[in-house]
There are 2 protein chains.
Amino acid sequence: MKYSQATDYALHAMLYLVAEAPDKPVSVQLLAEKLGVSQTYLSKMLTKLVKAGLIHSVSGANGGYKLKRNQDDISFLDVIQAIEGTTSLFECSFHHDSACLIQQVVADAEQQMMHTLKNKKIADLVPHIPKP
Amino acid sequence: MKYSQATDYALHAMLYLVAEAPDKPVSVQLLAEKLGVSQTYLSKMLTKLVKAGLIHSVSGANGGYKLKRNQDDISFLDVIQAIEGTTSLFECSFHHDSACLIQQVVADAEQQMMHTLKNKKIADLVPHIPKP
DNA sequence: TCATTCGTAGACTTATCGTATCTATAATAT
DNA sequence: ATATTATAGATACGATAAGTCTACGAATGA
Ligand code: SF4
Ligand code: SF4
């Protein structure tokens with residue numbers, strides 16, 4: 001069980017947007033080049049981020065993507081859930097109890113993780129970006 | 001991103017073993033019937049649990065599986081890791097920094113979850129098993 | 001000893017999902 | 001208008017999960 005590689009791309013793209021966040025939108029072409037991934041594929045993830053309300057897209061010449069919200073509001077959880085979805089980590093196959101304990105234990109644990117990811121903002125690590 | 005269904009089966013099998021834990025080993029045939037899954041498939045998971053040192057197998061007539069450790073020592077994390085493996089939730093594609101922050105944030109969050117799963121023992125919810 | 005019962009292991013098939021590409025379309029700046 | 005850029009859908013490919021089948025080995029008991 002792993003996060004998809006798409007999440008990896010999305011996190012890096014967001015980090016770039018937050019770090020270099022100018023007024024000008026940055027094109028998927030530039031981002032894709034930085035990340036070493038194809039434009040068309042990366043655009044799928046960016047579109048998901050748009051639909052999640054994290055970034056804003058501008059069509060046409062000199063268009064691209066820029067942040068929508070205040071950058072300090074964007075957490076790791078936001079990005080991850082935008083890509084991976086919000087379905088819970090564990091779903092039992094039988095459902096014979098509405099308040100089942102196995103499910104509840106795993107859900108609890110997942111909540112712990114989500115809490116940490118929610119409190120960590122992308123902007124938090126801008127000062128520490130490693131050199132590519 | 002979800003836990004595999006195999007984890008679901010393994011957790012239920014363990015719960016059954018802990019709850020009904022007699023001296024006599026319980027056969028995969030019985031377990032498979034209880035869980036509504038084929039014997040051969042379930043046996044794969046049980047074999048993983050054996051290799052992880054959680055249960056003990058007895059060959060031959062009247063054989064089967066029984067707990068190895070003290071049942072109070074068996075945590076959710078033990079079972080989950082036996083099935084899913086122990087590779088971390090997130091691995092970046094570039095690795096240009098040995099102490100990368102993106103990776104570290106996610107790893108931290110995962111640790112939170114693992115901590116919760118480690119403190120929760122299978123035996124904890126024996127008193128609350130729902131009726132199938 | 002021999003047949004029966006039961007776990008182990010590997011090869012194998014099938015289904016599902018992540019990864020990736022291509023193409024057509026809509027929106028916008030110059 | 002034309003070039004530029006995001007969006008959407010179809011499609012193909014590959015990896016992994018899910019599940020089956022069969023042969024083998026170990027223990028029991030008759
Ligand atoms: S015991 Fe809980 S997790 Fe298992 S099948 Fe029933 S409701 Fe689902
Ligand atoms: S920034 Fe961190 S997570 Fe991203 S590629 Fe570099 S080391 Fe990996």
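Throughout, a chain's letter reflects where its sequence line sits, starting with A, and its residues are numbered from 1.
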Quiz item: Along DNA chain C, 5' to 3', what are the outermost nucleotides having an atom less than 4.0 Å from a heavy atom of chain B?
Solution: C:dT5 to C:dA11

Take atom [atom1] of [X] and atom [atom2] of [N], then tell me their distance rounded to the nearest Å.
{"X": "A:Leu42", "N": "D:dA6", "atom1": "CG", "atom2": "P", "result": "10 Å"}
{"X": "B:Lys24", "N": "D:dT28", "atom1": "NZ", "atom2": "P", "result": "12 Å"}
{"X": "B:Tyr9", "N": "D:dT20", "atom1": "OH", "atom2": "C1'", "result": "14 Å"}
{"X": "A:Gln39", "N": "D:dA8", "atom1": "CD", "atom2": "C1'", "result": "16 Å"}

Quiz item: Which one of A:Leu54, A:Thr7, A:Leu15 satisfies the side chain to side chain contact (heavy atoms under 4.5 Å, CB included) criterion with A:Val79?
Solution: A:Leu54

Can you check whether [X] reaches [Y] side chain to side chain, under 4.5 Å on heavy atoms?
{"X": "B:Val26", "Y": "B:Tyr16", "answer": "yes"}
{"X": "B:Lys66", "Y": "B:Leu17", "answer": "no"}
{"X": "A:Thr47", "Y": "A:Lys51", "answer": "yes"}
{"X": "B:Gln81", "Y": "B:Met114", "answer": "yes"}
{"X": "B:Met113", "Y": "A:Leu89", "answer": "yes"}
{"X": "A:Ile122", "Y": "A:Ser75", "answer": "no"}

Quiz prompt | Neighbour count above 12 (heavy atom, 6.0 Å) for A:Glu91 CD | solution = yes

Quiz item: How about B:Lys24: does its NZ atom have over 12 heavy atoms from other parts shown lying under 6.0 Å from it?
Solution: no

Under-3.5 Å N/O pairs linking protein and nucleotides 10-17 of chain D:
from: D:dA10; atom 1: N6; to: A:Lys44; atom 2: NZ; distance (Å): 3.4

Quiz prompt | Touch class at under 4.0 angstrom, heavy-atom based, for A:Lys51 against every strand present | solution = sugar-phosphate

Practice problem: Give one of base, sugar-phosphate or nothing for B:Val37, where a contact means two heavy atoms less than 4.0 Å apart. | Solution: nothing

Quiz item: Within the side chain of B:Asn119, is there an N or O that forms a donor-acceptor pair under 3.5 Å with the backbone of B:Thr116?
Solution: no

Quiz prompt | Expected output: side-chain A:Lys121 to main-chain A:Lys118 donor-acceptor under 3.5 Å | solution = yes

Exercise. Identify, residue by residue, the members of residues 52-63 of chain B with a heavy atom below 4.0 Å from DNA chain C, and return them in order of residue number, or none.
Key: B:Ser57, B:Val58, B:Ser59, B:Gly60, B:Ala61, B:Asn62, B:Gly63

Quiz item: More 5' along DNA chain C: B:Gln29 or B:Thr40, using each one's nearest nucleotide?
Solution: B:Gln29

